[in-house]
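Everything numeric in this text was worked out from a predicted model, so none of it was measured. Note: hydrogens, waters and symmetry copies are ignored here, and every other heavy atom, side chains too, is used. So you know, we letter chains A, B, ... as the sequences are listed, proteins then strands, and number each from 1.
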Amino acid sequence: MEIKTQPYERVTVVAVEGRVDSASAGDLEAELKRLIEEGKASFVLDLSGVEFLSSSGLRVLVTTLKTVRKAGGDLRLAAMSQRASDAIELAGLDPLFKTYEDREAAVASF
Amino acid sequence: MEIKTQPYERVTVVAVEGRVDSASAGDLEAELKRLIEEGKASFVLDLSGVEFLSSSGLRVLVTTLKTVRKAGGDLRLAAMSQRASDAIELAGLDPLFKTYEDREAAVASF
Amino acid sequence: MRTAKQPSPPSEAATAEVSRQTFPAESEQLRQVCESVREAASLCGFDERTSYACQLATCEAVENVIQHGYRGAAGGQVTVETRARPGDLVVEIVDDAPPFDPTSYPLVSDASPDDMQVGGRGILMIHRVMDDVHYERRGNKNHLRLTKNRAFTGA
Amino acid sequence: MRTAKQPSPPSEAATAEVSRQTFPAESEQLRQVCESVREAASLCGFDERTSYACQLATCEAVENVIQHGYRGAAGGQVTVETRARPGDLVVEIVDDAPPFDPTSYPLVSDASPDDMQVGGRGILMIHRVMDDVHYERRGNKNHLRLTKNRAFTGA
Ligand SMILES: Nc1ncnc2c1ncn2[C@@H]1O[C@H](COP(=O)(O)OP(=O)(O)O)[C@@H](O)[C@H]1O
Ligand SMILES: Nc1ncnc2c1ncn2[C@@H]1O[C@H](COP(=O)(O)OP(=O)(O)O)[C@@H](O)[C@H]1O
């Protein structure tokens, strides 16, 4: 798994690539926690490069979502790969997230 | 010249492609006026596809900039082609515009 | 119109390609578990998306064995056996952890903004992907058999 | 160290490739004006960026003839002559509109957020791109000669 973070003033874009499973979900969680501790609360997750997304990864997404919503922010999903979106739907978590065709639309939504 | 408009809630992205000279500047002006009359004041101009930009085109950019700044908005430039940026610098207009590497960064700046 | 011809043998009778691998119960092995399932799904003729769904379901079951079964204790092992026939995949996951029957675990429903329940998603995914989920305790071992015998048609 | 050798002939003495085109004074012709300059700049061996700058400067001059010289009146014509030698381009723009000497027009300075002056940008661009800008009224005609004889090094 690779994580690329692009912070803007109002929103931070985090691109996740590769496999997100219980072997890597901890790294994603740590990076998101770090950003939240910096005071960031508005996130776009670019999932275009996700090749595998298990419930361990989904757990990180949902717990982060809860945290940032409480802080008045949001976590929105952009450019989901078919595999990311299949995993989210199979887990019944799609009603939780605002999703956007591309990063630009997601960034503009904040 | 081709114009592609992508409206988001907070900002409208206008992509301009091809030649912007006195033969086409009027069309660009008309489109921007139309959007301003709709109430839009925050614009990102994607100039990545600009092949030629004369002072007639630059005049439209500056007059639009004045109008939207008065309305509390802004006109920011994104992903300028070399040709667009050469024209703007040669005309001494580069101090007027906030410019961004890509559309996403420009959209995020609002 | 009926004919006197004998019916062709049922597909269950066709010989399955069997592959069995035993992994240490560590999350670093999940990539390799996926790879076994991918190869078997390809022998079944499943499309890319169906294959991915089967990998996902299998990994959810194996993740559970690692996390909840062995609870991170060292030395645990998990065996993944695949049996592939055209259009028909069976994945059997065997472990020595304490008994646990995922088929008797209550299925959670779709989350909603008012109910962001995060637990139970793995077992839900397994059931949604697979056509049959069968649990058996044999001796000291949990046997979980996942069967996929038609194309995945989306969630 | 001085030598007795004769200096090689100055590059001005080399034969220039000359091309002359007359256009109706309409903005729809600007694309074609650019194309003439592009071809000449290519004969000069100018790089893409220098060529573009020369097209830009020429179009600014021609746009001015169309808009301010003929003031949109029908029937006006503008002739663009290019003289291309390696490393040296001359563009001469000739029209029958009332006399106007752009070289005596005061150059505007760079704009600033407090001073968004929009006029005068065309003539500024011409001067910034070209190494020499020469105006002459001959008979009923304006002759504007733009010379570019080194690589464009950016604004
Ligand atoms: N192999 C197992 N051994 C013991 N308990 C298990 C096992 N698999 C699942 N469970 C229990 O079932 C629950 C639901 O599992 P699952 O749907 O995969 O969600 P999650 O693992 O995210 O909680 C787990 O929280 C755990 O309590
Ligand atoms: N060919 C011309 N004939 C008459 N007036 C001209 C001509 N060219 C330029 N001018 C005058 O010089 C001014 C500056 O020209 P220019 O720098 O091209 O900017 P712009 O055309 O945008 O005003 C014009 O506004 C016009 O008043």
Side-chain angles (χ1 to χ4, degrees), chain A residues 1-2 17-30 32 43 45 47-77 80-99, chain C residues 23-35 37-38 47-70 72 102 107-130 148 152-155:
Chain A
M1 187 189 63
E2 261 197 79
E17 285 174 24
R19 283 183 65 91
V20 191
D21 59 17
S22 56
S24 57
D27 292 346
L28 178 59
E29 187 169 26
L32 289 168
F43 291 94
L45 233 62
L47 300 182
S48 60
V50 166
E51 286 158 22
F52 189 87
L53 178 56
S54 81
S55 63
S56 304
L58 293 169
R59 180 178 285 272
V60 174
L61 266 53
V62 176
T63 52
T64 306
L65 179 72
K66 287 181 186 170
T67 307
V68 297
R69 286 242 175 108
K70 263 185 216 137
D74 202 3
L75 174 84
R76 300 181 183 167
L77 309 181
M80 281 199 279
S81 65
Q82 182 71 62
R83 287 168 164 225
S85 104
D86 279 354
I88 290 169
E89 284 189 25
L90 286 167
L93 294 173
D94 47 309
L96 296 190
F97 296 97
K98 291 194 184 161
T99 62
Chain C
F23 304 93
E26 296 160 358
S27 59
E28 288 67 28
Q29 304 297 319
L30 289 167
R31 180 189 290 270
Q32 203 43 54
V33 170
C34 274
E35 185 50 27
V37 176
R38 200 191 60 71
D47 64 20
E48 218 282 318
R49 203 171 170 195
T50 308
S51 168
Y52 170 68
C54 293
Q55 293 168 48
L56 208 50
T58 306
C59 276
E60 291 302 331
V62 176
E63 274 192 5
N64 278 346
V65 170
I66 297 170
Q67 281 172 28
H68 306 297
Y70 293 114
L107 285 188
V108 295
S109 34
D110 274 12
S112 74
D114 305 324
D115 173 19
M116 299 204 190
Q117 197 197 321
V118 77
R121 300 293 153 193
I123 289 176
L124 180 65
M125 289 163 98
I126 295 170
H127 281 282
R128 285 196 170 167
V129 170
M130 291 296 171
K148 179 77 188 163
F152 173 58
T153 51

Check your understanding: Can C:Leu30 and A:Ser22 be said to form a side chain to side chain contact (heavy atoms under 4.5 Å, CB included), step by step?
Key -> CA-CA 8 Å; C:Leu30 289 167; A:Ser22 56; 3.2 Å; yes

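- With chain A as partner, the option from C:Gln55, C:Glu63, C:Glu48 having the largest number of non-hydrogen pairs under 4.5 angstrom is C:Glu63.
- Atom OG of A:Ser55 and atom CG of C:Asn64 lie 6.5 Å apart (nearest 0.5 Å).
- Proximity to chain C involves both the backbone and the side chain of A:Arg83, based on heavy atoms less than 4.5 angstrom apart.
- A:Arg59 places no side-chain N or O within 3.5 Å of a backbone atom of C:Arg121 that could act as its donor or acceptor partner.
- One distance of note links SG of C:Cys59 with CZ of A:Arg19; it measures 5.5 Å at 0.5 Å rounding.
- For A:Ser85, no part lies near chain C; criterion is any non-hydrogen pair under 4.5 Å.
- No more than 12 heavy atoms of other residues, nucleotides or ligands sit less than 6.0 Å from atom NZ of A:Lys98.
- Of the listed residues C:Glu28, C:Arg31, C:Gln117, the one with more heavy-atom pairs under 4.5 angstrom with chain A than any other is C:Arg31.
- Contact between C:Tyr52 and A:Leu53 at its shortest, heavy atoms only, is OH-N, 3.3 Å.
- Heavy-atom distances place no part of C:Gln29 under 4.5 Å from chain A, backbone and side chain included.
- Residue with the most contacts toward chain A among C:Gly119, C:Ala111, C:Ser109: C:Ala111 (heavy-atom pairs, distance under 4.5 Å).
- Ranked by non-hydrogen atom pairs under 4.5 Å with chain C, the options A:Ser56, A:Ser54, A:Pro95, A:Gly92 are led by A:Gly92.
- No side-chain heavy atom of A:Leu90 sits less than 4.5 Å from a side-chain heavy atom of C:Glu60.
- Looking at A:Leu61, there are no atoms closer than 4.5 Å to chain C (heavy atoms on both sides), in backbone or side chain.
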